[in-house]
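Predicted model only: the values in this text are computed from it and were never measured.
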Amino acid sequence: MRGIHLEGKKESSLISWSIRKPTLPSKVRIPLCDQRGIPAVPLVRAGSRVLTGEKIAETNDLIPIAIHASVSGRIARIQTFPHPVFEKSQAIEIISDGRDETIDEMRKERPRWQHLSREELFCLFHEQGLQDVVYDFRSSADEQGMTAQSRVLILNACESEPYLTSDHALLMSQPVEILKGAEILRRFLNAEKIVFAIEDNKMEVAELLKSKIYFLKWRHIEVKILPSLYPQGLDSVLLQTVTGISARETREKIKNEARIFNPATAFAVYEAVAQQKPRFERVVTLGGECMVDSKNLWLRHGTTFEDAIKACRGLLRQPRKILMGGPMQGIAQSTLDVPVLEGTTAILALPKEVAAPEKIEPCIRCGLCVEVCPVEISPVLITLAAERELFDVAEQWGASACIECGNCSYICPSKRPMLELIRYAHTHATDQTYEGTPPYQMPGRPGETIKASVSMKP
């Protein structure tokens with residue numbers, strides 16, 4: 001696989017593999033819009049009292065997916081608040097009573113959970129708020145019906161981005177529960193086997209999993225060790241590495257061959273199915289050179305970034321950038337008053353020496369971006385065409401095949417905004433538009449601007 005070796009910067013959050021549960025936040029804001037942009041309808045009103053795990057909203061869909069309260073307390077208001085992905089969205093604000101009273105059935109073992117049918121599991125995933133499982137399966141079921149199945153279930157435990165260690169810590173602390181959750185997913189998908197994909201810088205995780213698999217006597221689970229290259233953890237790259245299927249293969253063939261989930265999803269599946277616990281919290285890496293105490297925390301959905309950082313004793317100094325996610329693909333935040341989402345893997349506070357913008361120079365035709373591109377397109381020719389608004393030419397060189405890993409932007413000695421230019425070419429060719437993003441002044445073409453599809457990233 002083509003890729004780049006990145007400085008890991010993971011040690012500070014792995015001093016201890018234990019995942020701490022901080023003091024309950026005084027308030028949470030549960031967005032009525034997830035990272036996919038799917039809207040939800042509230043089922044509660046301001047002033048009503050809710051319990052931890054109680055259903056408070058559901059997606060506005062043919063088969064609604066439940067959204068649950070992450071703390072017990074009183075509904076303060078339902079209005080527009082800052083959102084880490086879409087700038088603003090409707091959210092339900094809950095003022096915590098500090099008691100964390102849960103719904104009656106939570107943490108009680110579900111009867112005959114090992115023998116639930118596929119239809120029962122599908123309904124349960126909807127009711128327990130497992131959005132990533134539901135949306136992934138429905139995309140396949142739309143094409144193949146409820147008989148949809150895949151040959152291999154891949155558990156993506158690579159975490160090839162710097163700083164991120166949440167899956168690493170979760171695998172070390174809850175390996176058996178993750179294995180059981182993966183087995184539930186395998187049965188649900190009718191897959192033949194499970195493959196744990198782990199980079200070679202996490203050998204302790206691999207050995208721990210192998211020992212647990214040995215004692216469970218499950219012969220259909222394999223632990224596959226992969227080189228620690230970025231973007232090894234991206235689904236399209238991982239699919240090619242594990243199964244040999246190219247990202248350019250037909251969607252039907254890819255869906256039939258393999259499905260990919262992460263360890264956090266497998267753990268949430270186990271808790272939802274076996275322990276009747278809805279998904280309302282997740283493990284998040286708090287890191288970056290500006291963080292006083294980098295660590296992995298169990299954070300309730302809706303916890304603000306400010307409260308999460310306070311749980312790590314705050315900041316050493318003013319950060320240049322706050323990111324949700326890793327430095328290669330994370331989303332820059334303009335405020336700490338945004339909530340933790342189901343897909344929030346990390347909150348990073350980066351200093352100016354790491355995240356400061358660098359001067360953009362003209363392309364020197366070095367070809368480094370071509371050498372590190374994992375899908376073997378030509379970023380240099382795509383971006384040069386995009387600068388001249390030759391969008392058909394950019395598409396011919398593979399703009400639509402870009403997986404947005406950011407390798408080209410990272411490796412470029414001229415510090416050109418390669419990823420933003422590729423997105424610009426692709427979205428213009430497909431008549432897509434994006435709002436609320438900063439214009440970028442093209443070098444050497446004064447007065448002409450383009451819009452990047454997301455916030456600029458290092």
Looking only at heavy atoms, what is the nearest atom pair of Leu170 and Ile178, with distance? O-CD1, 3.7 Å

Just wondering, do Thr335 and Glu306 contact through their side chains at under 4.5 Å, heavy atoms? no

Derivation and outcome, side-chain contact (heavy atoms from CB on, under 4.5 Å), residues Met106 and Gln275: CA-CA 7 Å; Met106 205 172 95; Gln275 304 296 324; over 6 Å; no

Note, Ile67 side chain near Glu58 side chain (heavy atom, < 4.5 Å): no

When rounded to the nearest 0.5 angstrom, what is the spacing between CD in Glu87 and OG1 in Thr80? 12.5 Å

Without hydrogens or angle criteria, can the side chains of His220 and Glu183 be said to hold a donor-acceptor pair below 3.5 Å? yes

Below 30° counts as parallel, above 60° as perpendicular, anything between as tilted: where do the rings of Phe267 and Tyr270 land? tilted

Phe280 backbone acceptor or donor facing Ser70 side chain under 3.5 Å: no

By salt bridge (charged side-chain N to carboxylate O under 4.0 Å, His left out), which residues pair with Asp235, not counting sequence neighbours? none

Close side-chain approach of Leu155 and Asn262, heavy atoms under 4.5 Å: no

For Glu204 and His168, which I'm curious about, is there any donor-acceptor pair between the side chains at under 3.5 Å? yes

Which heavy atom of Cys312 sits nearest to which heavy atom of Lys295, and what is that distance? SG-CG, 3.7 Å

Glu93 and Lys27: salt bridge (Lys or Arg N to Asp or Glu O under 4.0 Å), yes or no, with the steps? CA-CA 7 Å; Glu93 184 178 71; Lys27 69 176 184 295; 5.3 Å; no

Would you say the side-chain atoms of Thr303 pair up with the backbone N or O of Arg300, donor to acceptor, closer than 3.5 Å? yes

Separation of Cys158 SG from Leu164 CG (nearest 0.5 Å): 12.5 Å

Any chance you could lay out the side-chain contact (heavy atoms from CB on, under 4.5 Å) test for Leu51 and Thr102, step after step, and finish with the verdict? CA-CA 5 Å; Leu51 301 176; Thr102 66; 5.9 Å; no

Check ion pair Lys55-Glu127 (N to O, under 4.0 angstrom): yes

Contact summary for Arg20 and Pro22, nearest pair of heavy atoms: O-CD, 3.5 Å

I'd like to know if the side chain of Glu159 pairs up with that of Thr165 as donor and acceptor (distance under 3.5 Å, no hydrogens or angles considered). no

Are the side chains of Ile184 and Trp113 in contact, using a 4.5 Å heavy-atom criterion? yes

Do Phe125 and Phe188 have their ring centres less than 6.0 Å from each other? yes

Between Tyr163 and Glu289, a side-chain donor and acceptor under 3.5 Å: yes

When rounded to the nearest 0.5 Å, the distance separating CG of Asp132 from CD1 of Ile260 is 13.0 Å

Can you sort out the partners of Thr23 under side chain to side chain donor-acceptor pair (under 3.5 Å), two or more places apart, ordered by chain and number? none

Rounded to the nearest 0.5 Å, what's the gap from CD on Glu192 to CG on Leu153? Could you check? 12.0 Å

Step by step, would you call Val205 with Leu209 a side-chain contact (heavy atoms from CB on, under 4.5 Å)? CA-CA 6 Å; Val205 174; Leu209 282 174; 4.2 Å; yes

Least distance between heavy atoms, Asp97 atom then Arg49 atom: OD2-NH2, 2.8 Å

Step through the shown structure and confirm whether more than 12 heavy atoms of other residues, nucleotides or ligands are within 6.0 Å of CZ on Arg112. yes

Validation row: Pro162, Leu348 side chains within 4.5 angstrom (heavy atoms): no

Check: Leu297 and Ile19 side chains under 4.5 Å, non-hydrogen atoms: no

Donor-acceptor under 3.5 Å (Arg282 side chain, Glu342 main chain): yes

Main chain of Ser72, side chain of Thr52: is a donor-acceptor contact present, judged purely on distance under 3.5 Å? yes

Measure the spacing between NZ of Lys212 and CD of Glu177 and express it to the nearest 0.5 Å. 9.5 Å

Give the C-alpha distance, both sets of side-chain angles, the deciding distance and a yes or no for side-chain contact (heavy atoms from CB on, under 4.5 Å) between Val284 and Leu299. CA-CA 7 Å; Val284 180; Leu299 294 180; 3.8 Å; yes

Give the minimum heavy-atom separation between Pro319 and Cys290, together with the two atoms involved. CA-SG, 3.7 Å

Gap separating the CG atom of Leu238 from the NZ atom of Lys224, nearest 0.5 angstrom: 10.0 Å

Is a side-chain N or O of Gln276 found less than 3.5 angstrom from the main chain of Ala274, in a donor-acceptor match? no

Given side chains that start at C-beta, do those of Leu323 and Ile331 come closer than 4.5 Å, heavy atoms only? no

Using modelled atom types only, decide if a donor and an acceptor are shared between the side chain of Asp200 and the backbone of Lys202 within a distance under 3.5 Å. no

Would you name the heavy atoms of Ala258 and Ile154 that are closest together and state the gap between them? CB-CD1, 4.0 Å

How about NZ on Lys88, more than 12 heavy atoms from neighbouring residues, nucleotides or ligands closer than 6.0 Å, or not? no

Would you check if the side chain of Arg320 reaches a backbone N or O of Val354 as a donor-acceptor pair within less than 3.5 Å? no

For Glu271 and Arg279: C-alpha separation, side-chain torsions, deciding distance, then whether salt bridge (Lys or Arg N to Asp or Glu O under 4.0 Å) applies. CA-CA 8 Å; Glu271 288 201 309; Arg279 192 171 196 178; over 6 Å; no

Within the side chain of Asn407, is there an N or O that forms a donor-acceptor pair under 3.5 Å with the backbone of Val372? yes

Is Thr285 reaching over with its side chain to a backbone N or O of Gly287, donor-acceptor style, under 3.5 angstrom? no

Side chain Glu161, main chain Gln329, donor-acceptor under 3.5 Å: yes

With the side chain counted from C-beta on, respond yes when Val375 and Cys402 share a heavy-atom pair under 4.5 Å apart, and no when they do not. no

If the test is side-chain contact (heavy atoms from CB on, under 4.5 Å), which one of Val338, Thr345, Thr344 qualifies with Leu341? Thr344

